[in-house]
Amino acid sequence: MSHLQVSSPTARDRRRHPRKAGDDGDLGYFMVAGRPAKLVDWSFGGIGVQIAGQIRFRVADTVELRIFDPERDTWESLNGLIRRVEHDGTLGITFADDGENTVRVLLHLLSNRLARTLS
């Protein structure tokens, strides 16, 4: 039995939070379990990232997400649960904690993205 779950374009989207597409400006700002990742999409419920190289992750793995904050020159950490693993190296990860820390990190990420867009 394969550990990959590939999403189908005909599958019903059951997400509670709408997804927002990533952009090239986010390259290098994300790490998953210590591996560099490129943002694919995100929402307040989770994040989609693409990892280069061989995928060693499985659905239901718990991972540490690290998001770089260029304003403070530090990394913020969140815990996540892998919900989807695609053949192209894309991981669908839900945030393990949707509490105050997750909201704070995501709001700060949003403000940084908005500032980059306006400048």
Can you find a pair of side-chain heavy atoms, one from Leu78 and one from Asp97, that are under 4.5 Å apart? no
Which heavy atom of [X] sits nearest a heavy atom of [Y], and at what distance?
X     : Y     : result
Tyr29 : Trp75 : O-CZ3, 3.6 Å
Val40 : Val49 : CG2-C, 3.8 Å
Ile51 : Ala37 : CG1-CB, 4.0 Å
Arg35 : Gln54 : NH1-O, 3.0 Å
Leu91 : Phe57 : CD1-CD1, 3.7 Å

When rounded to the nearest 0.5 angstrom, what distance separates [atom1] in [X] from [atom2] in [Y]?
X      : Y     : atom1 : atom2 : answer
Asn101 : Glu76 : CG    : CD    : 7.0 Å
Ile93  : Leu81 : CD1   : CG    : 9.0 Å
Asp61  : Arg56 : CG    : CZ    : 12.5 Å

Who are the side chain to side chain donor-acceptor pair (under 3.5 Å) partners of [X], not counting sequence neighbours?
X      : value
Thr102 : none
Ser77  : Glu64
Asp88  : Thr90

Using a 3.5 Å distance criterion without hydrogens, assess whether the side chain of Arg58 forms a donor-acceptor pair with backbone atoms of Ile82.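 Side chain of Arg58 to backbone of Ile82, a donor-acceptor pair under 3.5 Å: no, none is there.
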Side-chain donor/acceptor of Asp41 to backbone N/O of Gly48, under 3.5 Å: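 Answer holds: yes.
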Hey, mind stepping through Phe95 and Ile47 against side-chain contact (heavy atoms from CB on, under 4.5 Å) and telling me if it holds? CA-CA 8 Å; Phe95 300 121; Ile47 192 167; 4.2 Å; yes
